[in-house]
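Only one structure is covered here, and it is reproduced in the block below.
Note on naming: letters A, B, ... go to the chains in the order of the sequence lines (proteins, then strands), and numbering restarts at 1 for each one.
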Amino acid sequence: MEKSYKPAAIEKSWYQKWEEEGHFSPSGGENPYCIMIPPPNVTGTLHMGHAFQDTIMDSLTRYHRMMGYNTLWQPGTDHAGIATQMVVERQLEADNLNRQDLGRNNFLKKVWEWKEQSGNKISDQLRRMGASLDWERERFTMDEGLSEAVIEVFVRLYEEGLIYRGKRLVNWDPNLLTAVSDLEVIATEEKGHLWHFRYPLTNQNGYLVVATTRPETMLGDTAIAVNPDDLRYRDFIGQTVELPLCNRKIPVIADNYVDPSFGSGCVKITPAHDFNDYEIGKRHNLPIINIFTPSAAINKNAPKSFQGMDRYVARKKIVNELQAAGLVEKILDHVILVPRGDRSGEIIEPYLTDQWFVNTKPLAQPAINAVKEGRIKFIPENWSKTYFDWMENIQDWCISRQLWWGHRIPAWFDNEGKYYVGRSEDEVREKYQLKENLSLNQDEDVLDTWFSSALWPFSTLGWPKETSELKSFYPSTVLVTGFDIIFFWVARMIMMGLKFTGDVPFRQVYIHGLIRDQNGQKMSKSKGNVLDPLDLIDGIDLETLLKKRTFGLMQPKLQSEIEKSTRKEFPQGIKAFGTDALRFTFAALASTGRDIRFDMGRIEGYRNFCNKLWNASRFVLINITTIPKPQKGEHLSLPDRWIRSRFSKTITEVNRQMENYRLDLAAKALYEFTWNEYCDWYLELTKPVLQESEISVHKLNATRQTLIEVLEGLLRLLHPIIPFITEEIWQKIAPLAEIEGDTIMLQPQPNPKSYAVDQAAEESINWIMSFLLGVRQIRGEMDISPNTPLSVLVENASENDLKHLEDSRLFLNQLGRIESITIIEDGEEKQTAATALLGGMAILVPMAGIIDTDKEKSRLIKKSRNIISDLEKINAKLNNINFMERAPKEIIAKQRDLGKSLSRDLDQINEQLEKLSQI
RNA sequence: AGGCGCGUAGCUCAGUGGUAGAGCAUUACCUUGACAUGGUAAGGGUCGGCAGUUCAAUCCUGCCCGCGCCUACCA
């Protein structure tokens, strides 16, 4: 093996081998374990969020595969309607073309080309992450089979009356020229104004003042509303006002919606361009006057002088003209919530159009029940509250989009605007017995991308056919996803899954946090703080990183700022840490919080961890070149028994944490065992055995066997998180453990029962550790060189101490660089010494020239001060009647014991101090 | 407006009703035959604040302060 761990050298080949040999496909068997990947955008690239999520899913998948489950991790990609269409349109823009220039068919051809060209990129990046996805089953939401599922679902929902078409006020993106759903609208707080306008009364002098944040909508006003209980306006109800600039009379109506304390207490009502006003309009039978074109310019329903103007140009003109007419009461600064499209960033307008909707309430109820009844569990459980809140107030879902890229709606229109829904034109003609010469045109619109995503858990498995895959893997075991798409995706999958399969789509929903940068900021191109997972794996030099972060910025102004911060953060660029280190980092960060700050310090630390594992394995391989003869338990050394015991407990702990989705705690247990126990102590403790010439062959072999067995098991335990390095090492270790197999990934997880728990051995090793710690402290604090051999005396040794001492001399001598250990009676030792305490026993290092008396004095004084303060706390408790009466017995006993041992320590320290003072 | 989350060492974060933890960073010493991507030791914290429950609170409860997120129709 190489002297140090070089990830690039080992990661390349293993993945290819695993995939070629079909190790990712389900093994068959009784117990299924299935995860559906949240399909990434087919034209996208892997970002930190993906890498994090995929690490979690892959670790879970590999773990359960090794636990003997029939494991499927289903891969695939999403067509991501708007996002993908926008990318291709932007490419056309470069050639001064738009999609209309190409026409629908040619445009779609372009999108498919782009999909083919870039669609494999993210799959390849997933491979770099080590993701053990069953690629043979890779799906795409616009595959034939999945499209069939989409049509089937649409038609069935329509036939049941759960999909309807209607003219409704929807969220309209005037830039993309499509409707979007409520969820795709982001409300942002922005500075605006509250304009107060005077609407003159028609049958008397005076006016009513209305307040608005969107003056241009006045052109579509059809009423003004006041609160019926508002005494100021009570008398005006039923009168009319003159709508300025429009030459129209509109009524004053009363509606409880109006809050008298806001603005002027009078609200202008524009039913065509405001959701509330729309509802009020319906209640009062108001006319609905649409004043916008699809791109939100003023249309022909408004006065001539405004027609054709963009809404914001019109706004200015309206304000100016009202001002000139003396109809502006005042203009106040006002922070408003501006609705913007999540893709385009454009200000969304409520707009009256014909759209397709899903009637969600009947679907939501069973989906609520499924979670209430525990058939689906959220992890952490708290997220179910978020889910309920939304589901219980769910609104109908606008599913039609005026785009070209996506699943075209299976509805056909005749020339009169009558429409027929069916699986195909032929089916429609037959079903509705349409005349052959009736011309039909399919609806131009496509479905919301999330409509097909909602079917993902069963459409990928072949539904509506009753496939064996569906039988085996539906419901899937767990959905792993971020909280940001609980509404978009999780809720809708549950609704659709229950509706069309009669069962939940997954039994658990593991909600993880979102990856942020080291300052807790969302990673985004415009902030210039994006980390590419592949750059962490392969490394990147500063110049390339700078180029990457500043290339194609929307606001070139930001360039110098981004350059500066990047140079500061990564003066040397980014080192290559390898996939395993990145994965271990993600696992270690996967705690229950919402924000996960990615910390470069940690990935470096876990790269070092990999190196540690690498070198520990080298140590084992250097010392063991032939298969050790199996030995009986009696030949195991104390450290052998100890490490087996610790490993058994570690396996149990890791299993527990994996089952609880606490990958961070699993990673922690693995890290601590590997580094702090196996490497720091066990390997050190084997050195005396491996190097001792007089050791028995049995003992030697028992230690060799333990070294191998524990390392081999540890590699398997680590494999789900760090697959590459464990495979590489395992290939060399497994033969020495007499294990045959092509790959570690198909080996079973280690069984805690294969390694005996041994409390006695743990106690003994703890004693040894304490002994060595005491000696090392003296060395460290007294500046005694690690090379200086020490003669050590022990005083007040109990029988137990003597037994431990007898069992461990070999280890103490070598690990503590101790020449001799002499047992002495209390007070026998006359010369002064540096002292360490181990239970009731004192470990003395005679000072004879090597130790500074004053230093030792101050060291002991400091120690005694700590003990005294602890002791005071304990005595206060023990003297507290309430404590003695009410605390549990064990706690009292524990405190008493602690107090005793502390005062014993204190006595000994004082004794030593006295001795030192006598000099 | 409602809901949720967070506040623990300089930084990033675990954690528990009964003696506060890790990694990184810092300091000192060490190139000893697995590993300097390392070893040994050290320093560092009123666990955001106040009150309550309790024999005992960093942990449970309430209030407050600070930060963040989500949902929502205040024109």
Side-chain angles (χ1 to χ4, degrees), chain A residues 1 3-5 182 187 194-195 210-214 217 224-225 257-259 261-270 274-280 334 336-337 350 382-383 385-386 389-390 393 483-484 486-487 513-514 516 518 520 575 577 581 588-589 591-602 604-623 662 664-665 668 671-672 676 679-680 683-684 687 691 772-773 776-781 783-787 817 870 873-874 877 880-888 890-892 894-895 898 902:
Chain A
M1 279 171 92
K3 192 172 169 184
S4 64
Y5 161 62
D182 299 344
L194 193 57
W195 284 270
V210 296
T212 181
T213 54
R214 295 189 297 152
T217 60
I224 69 177
Y257 159 75
V258 180
D259 175 359
S261 66
F262 186 86
S264 64
C266 280
V267 187
K268 56 186 272 314
I269 303 299
T270 324
D274 182 282
F275 288 99
N276 288 311
D277 293 6
Y278 183 75
E279 291 303 317
I280 293 175
H334 188 62
I336 48 173
L337 279 182
N382 227 336
W383 289 109
K385 194 173 161 49
T386 306
D389 284 350
W390 190 72
N393 298 300
F483 55 81
D484 51 334
I486 289 179
F487 308 142
L514 267 30
R516 313 265 159 169
Q518 73 281 2
K575 278 183 265 182
F577 296 110
L589 290 174
S591 62
T592 54
R594 307 180 152 205
D595 288 349
I596 292 163
R597 297 188 190 203
F598 191 83
D599 181 10
M600 293 300 292
R602 289 189 76 157
E604 184 155 8
Y606 294 127
R607 190 272 318 260
N608 295 351
F609 172 78
C610 290
N611 185 56
K612 193 75 180 173
L613 179 65
W614 183 264
N615 277 288
S617 308
R618 275 184 68 222
F619 173 84
V620 172
L621 289 168
I622 287 166
N623 282 286
R662 288 303 303 268
D664 58 328
L665 299 180
K668 191 179 171 207
Y671 183 98
E672 285 175 355
N676 303 339
C679 292
D680 283 353
L683 292 190
E684 293 306 318
K687 287 177 185 174
Q691 288 156 18
L772 289 169
L773 178 70
R776 284 171 182 171
Q777 277 174 333
I778 290 171
R779 257 190 212 281
E781 290 171 39
D783 290 336
I784 303 169
S785 153
N787 295 323
R817 195 137 175 96
D870 287 350
K873 279 182 214 154
I874 287 165
K877 277 187 193 170
N880 182 338
I881 298 169
N882 289 325
F883 175 75
M884 297 304 282
E885 276 176 1
R886 304 203 191 180
E890 315 87 72
I891 297 292
I892 295 176
K894 213 172 157 189
Q895 293 292 315
L898 191 58
L902 284 175

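- Minimum interatomic distance between A:Glu604 and A:Lys575 (heavy atoms only, all atoms of both residues): OE2-NZ, 3.0 Å.
- If you take atom C1' in B:C65 and the same atom in B:A75, they sit 33 Å apart, rounded to whole Å.
- Look at the C1' atom in both B:U54 and B:C60: the space between them is 10 Å, to the nearest Å.
- Across the C1' atoms, B:A34 and B:A42 are found 26 Å apart, a figure rounded to whole Å.
- Under the side chain to side chain contact (heavy atoms under 4.5 Å, CB included) criterion, A:Phe487 pairs with A:Leu183, A:Thr386, A:Trp390, sequence neighbours left out.
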Fill in the blank from the handout: Whether each nucleotide of nucleotides 66-75 of chain B has a protein heavy atom under 4.0 Å at its base (B), only at its sugar-phosphate (S) or at neither (-) is summarised, 5' to 3', as --BB-SBBBB
Handout entry: A:Glu279 and A:Tyr257: CA distance, side-chain angles, deciding distance, side chain to side chain contact (heavy atoms under 4.5 Å, CB included) verdict
Key = CA-CA 10 Å; A:Glu279 291 303 317; A:Tyr257 159 75; over 6 Å; no
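- Taking CD of A:Glu885 as the reference point, atom CD1 of A:Ile892 lies at 9.5 Å (rounded to 0.5 Å).
- Per the geometry, CG belonging to A:Asn882 stands 14 Å off C1' belonging to B:U53, to the nearest Å.
- Pairing each heavy atom of A:Trp383 with each of A:Arg594, the nearest pair is CH2-NH2, 3.5 Å.
- For A:Arg602 against A:Leu589, the heavy-atom pair with the smallest separation is NH1-CD2, 3.8 Å.
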Exercise for the section: Start with the C-alpha gap between A:Leu514 and A:Asp484, add the side-chain angles, then the distance that decides, and say whether side chain to side chain contact (heavy atoms under 4.5 Å, CB included) holds. Expected result: CA-CA 8 Å; A:Leu514 267 30; A:Asp484 51 334; 4.0 Å; yes
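- Going from atom CD1 of A:Ile596 over to atom P of B:G5 covers 16 Å, rounded to whole Å.
- When every heavy atom of A:Ile224 is checked against every heavy atom of A:Lys268, the shortest pair comes out as CG2-CA, 4.0 Å.
- Residue A:Arg817 contributes atom CZ, which lies 16 Å from atom C1' of B:C29 at whole-angstrom precision.
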Exercise for the section: List the protein contact pattern of nucleotides 31-38 of chain B with one symbol per nucleotide (5' to 3'): B for base contact, S for sugar-phosphate-only contact, - for none; contact means a heavy-atom distance under 4.0 Å. Expected result: ---BB-BS
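- Of the listed nucleotides (B:A41, B:A14, B:A28), B:A28 has the atom at the smallest distance from the side chain of A:Asp783.
- For the pair A:Gln518 CD and B:U12 C1', the computed distance is 10 Å after rounding to whole Å.
- Between the side chains of A:Asn611 and A:Asn615, at least one donor-acceptor pair of N or O atoms lies under 3.5 Å.
- Atom CG of A:Leu683 and atom NZ of A:Lys612 lie 8.0 Å apart (nearest 0.5 Å).
- Counting heavy atoms from C-beta on, the side chains of A:Arg214 and A:Ile336 never come closer than 4.5 Å.
- Side-chain rings of A:Phe577 and A:Tyr606 stay apart, their centers remaining 6.0 Å or farther from each other.
- Atom P of nucleotide B:C13 and atom CZ of A:Arg597 are separated by 5 Å, given to the nearest angstrom.
- Positionally, the nearest nucleotide of RNA chain B for A:Phe598 lies more toward the 5' end than for the other of A:Ser785 and A:Phe598.
- Side-chain N or O atoms of A:Arg662 include none that pairs as donor or acceptor with a backbone N or O of A:Ser591 at under 3.5 Å.
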Under 3.5 Å, which N/O atoms of the protein pair with N/O atoms of nucleotides 17-22 of chain B?
none

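- Rounded to an integer number of Å, the gap from A:Asp599 CG to B:G23 C1' is 8 Å.
- Spacing between atom CZ of A:Arg662 and atom P of B:C13 amounts to 14 Å, rounded to whole angstrom units.
- Straight-line distance between the C1' atoms of B:C63 and B:A20: roughly 26 Å, to the nearest whole Å.
- Comparing B:G23 with B:A9, their C1' atoms sit 12 Å apart, to the nearest whole Å.
- Taking atom CD of A:Glu781 as the reference point, atom P of B:C29 lies 15 Å away to the nearest angstrom.
- Comparing B:U53 with B:U12, their P atoms sit 36 Å apart, to the nearest whole Å.
- B:G3 and B:C11: their P atoms are spaced 32 Å apart (whole Å).
- Only the C1' atoms considered, B:A14 is 10 Å distant from B:U8, to the nearest whole Å.
- Qualifying ring pair (Phe, Tyr, Trp, His ring centres under 6.0 Å) partners for A:Phe619, counting only residues two or more places apart in sequence or in other chains: none.
- Rounding to the nearest 0.5 Å places OG1 of A:Thr212 at 7.5 Å from CG of A:Leu194.
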Fill in the blank from the handout: Taking Watson-Crick and G-U wobble contacts under 3.5 angstrom, with | marking pairs to another strand and [ ] crossing pairs, the secondary structure of RNA chain B is written (((((((..((((....[..)))).(((((.......))))).....(((((..]....))))))))))))....
